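All values derive from a computational prediction rather than experimental measurement.
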Amino acid sequence: MTEDRHRVVTGTAVANVSQICQRCLQPAAVPVHCDISLAIIWSEEDMEALPSHLDPWITGEGAADFYSMIEEELLLNLPAVAYHETLCIDEKLLTSGEPVVVKKAKNPFQVLEQLKSSPK
């Protein structure tokens, strides 16, 4: 319990999760680490009284599921994109080869500019 009489859950969760590598599309072991600092509250109205360093864990009137809370915290800390720690594909595939040269396209309104500047 905190000084403000909030019931809190604090700790660290660590897991290795298998995700698909976005380079080679093979499974990759991704380490996930999250620091947990949650205040147990029973309704959304109680959130306003929480200090800023605590996140709410709304349990409602029934029993809270501790394993679901850990799972949600780990899911929130998953990386957006998973890669192998070492390069898993040929380095040549990371470039497109020759640099692309962008040609300046003709302005379609150039004809109107010529008509505007011609005498009447």
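- Within the 4.5 Å cutoff, no side-chain heavy atoms of Ile36 are placed close to those of Asp55.
- Hydrophobic clustering (ILVMFWY, side-chain heavy atoms < 4.5 Å, transitive): Val32 and Met69 are in one cluster.
- Evaluated for a side chain to side chain contact (heavy atoms under 4.5 Å, CB included) with Arg7, the options Ile41, Leu38, Ile40, Thr59 yield exactly one hit, Ile40.
- Looking only at side-chain heavy atoms (C-beta outward), Cys21 and Pro27 stay at 4.5 Å or farther from each other.
- For the side chain to side chain contact (heavy atoms under 4.5 Å, CB included) with Cys34, the lone residue among Leu75, Leu74, Leu76 that qualifies is Leu74.
- Within the 4.5 Å cutoff, no side-chain heavy atoms of Ile20 are placed close to those of Gln26.
- Under a cut-off of 6.0 angstrom, the local environment of CD in Glu71 is sparse, with at most 12 non-hydrogen atoms contributed by other residues, nucleotides or ligands.
- Closest approach of Arg23 to His84, counting heavy atoms only: NH1-O, 3.9 Å.
- Of all heavy-atom pairs between Trp57 and Phe66, the closest is CH2-CA, 4.2 Å.
- Take Asn16 and apply the side-chain hydrogen bond (donor to acceptor under 3.5 Å, both in side chains) test, not counting sequence neighbours, and it matches no residue.
- The heavy-atom pair separating Val30 from Gln19 by the smallest distance is CG2-OE1, 3.7 Å.
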Should Leu54 and Val8 be marked as a side-chain contact (heavy atoms from CB on, under 4.5 Å) after you check the CA-CA gap, both sets of side-chain angles, and the distance that decides it? CA-CA 8 Å; Leu54 291 174; Val8 295; 3.7 Å; yes
